[in-house]
Amino acid sequence: MILRLDTSTPVLRMGLRDVDGDKIAEKDVELGREMARRILAEIRDLLVENGLALEDLIALEVNEGPGSYTGLRIGMTVANTLADGFGLLVNGQEPPVLPKYS
């Protein structure tokens with residue numbers, strides 16, 4: 001499953017599609033200045049509404065612009081954080097390999 005995020009405007013636009021490109025779900029939520037605080041809960045809600053969990057994702061697609069600078073930063077930060085934690089691709093790029101600490 002691939003999660004698409006667009007945080008370039010005050011409206012959070014999310015979508016889910018399978019690896020074949022078939023659209024599973026779309027959701028728009030007006031968040032305004034609450035984007036950073038509520039985005040993770042909205043992502044969770046979209047996944048739960050469709051019987052999915054973060055572990056079901058294989059990749060993230062996030063809008064890189066144009067748009068609100070702060071909004072784009074929120075989207076990229078969330079995408080990169082989820083990618084790091086769950087080993088997901090972001091916009092087709094491999095997740096970073098972090099060193100193991102003993």
Side-chain angles (χ1 to χ4, degrees):
M1 205 57 56
I2 299 167
L3 173 65
R4 171 86 173 120
L5 297 173
D6 184 348
T7 57
S8 63
T9 70
V11 176
L12 170 62
R13 303 191 78 195
M14 301 179 290
L16 290 170
R17 64 180 176 91
D18 62 21
V19 293
D20 296 324
D22 296 328
K23 182 171 57 171
I24 305 300
E26 287 185 340
K27 184 176 182 180
D28 294 351
V29 183
E30 173 72 43
L31 295 180
R33 293 182 159 288
E34 296 290 310
M35 181 83 67
R37 191 175 69 78
R38 293 186 41 205
I39 187 171
L40 290 173
E42 295 296 339
I43 291 170
R44 180 199 58 217
D45 291 350
L46 176 68
L47 292 170
V48 168
E49 289 166 8
N50 290 281
L52 300 167
L54 284 169
E55 292 80 9
D56 296 317
L57 298 177
I58 61 166
L60 298 162
E61 294 176 351
V62 62
N63 181 1
E64 297 176 338
S68 156
Y69 179 71
T70 300
L72 294 171
R73 285 180 31 211
I74 291 168
M76 289 305 295
T77 299
V78 168
N80 286 323
T81 301
L82 291 175
D84 184 49
F86 291 91
L88 306 173
L89 301 174
V90 176
N91 290 355
Q93 297 181 357
E94 293 290 331
V97 177
L98 301 176
K100 303 279 187 219
Y101 296 100
S102 52

L54 and L47, any side-chain heavy atoms less than 4.5 Å apart: yes
Q) Are N50 and M1 side-chain neighbours, meaning at least one heavy-atom pair lies under 4.5 Å? A) no
(message) More than 12 heavy atoms of other residues, nucleotides or ligands under 6.0 Å from CZ of R4: yes or no?
(response) yes
Rounded to the nearest 0.5 Å, the CG atom of D28 sits from the CG atom of D6 at a distance of 9.0 Å
Between the CZ atom in R33 and the OG1 atom in T70, the distance rounded to the nearest 0.5 Å is 9.0 Å
Shortest non-hydrogen pair, N63 vs S8, comes out as ND2-OG, 3.3 Å
Could you tell me if the side chain of L5 sits less than 4.5 Å from the side chain of I43, heavy atoms only?
yes
dist L60:CG -> M76:CE (nearest 0.5 Å) comes out at 9.5 Å
Distance col, row L16:CG vs L46:CG, nearest 0.5 angstrom, shows 4.5 Å
In terms of heavy-atom contacts, R38 and E30 come closest through NH1-O, 4.4 Å
- Query: Is the shortest heavy-atom distance from the side chain of P10 to the side chain of M35 under 4.5 Å?
  - Reply: no
Would you indicate whether the side-chain heavy atoms of V29 and D45 approach each other to under 4.5 Å?
no
Item checked: N/O donor-acceptor pair under 3.5 Å between D20 side chain and D22 backbone -> no
| field | Same apolar cluster (I L V M F W Y, side chains within < 4.5 Å links), V78/L72 | value | no
Separation between CD (E42) and CD (E34), nearest 0.5 Å, reads 11.0 Å
Assigning hydrophobic clusters by single linkage (Ile, Leu, Val, Met, Phe, Trp, Tyr; side-chain heavy-atom cutoff under 4.5 Å), is V62 placed with V11? no
Would you say D56's side chain and A53's backbone share a donor-acceptor pair under 3.5 angstrom? yes
R73 meets the salt bridge (Lys or Arg N to Asp or Glu O under 4.0 Å) criterion, sequence neighbours left out, with none
CG (N91) and CD (E61) are apart, to the nearest 0.5 Å, by 6.5 Å
Residues passing the side chain to side chain donor-acceptor pair (under 3.5 Å) test with E26, sequence neighbours excluded, are none
Margin query: For residues L52 and I39: do they belong to one hydrophobic cluster (side chain heavy atoms under 4.5 Å, members Ile, Leu, Val, Met, Phe, Trp, Tyr)?
Written below: yes
Student check: side-chain heavy atoms of L82 and L57 closer than 4.5 Å: no
Exercise. Is I58 close to I2 at the side-chain level, that is, under 4.5 Å between some pair of heavy atoms?
Worked result: yes
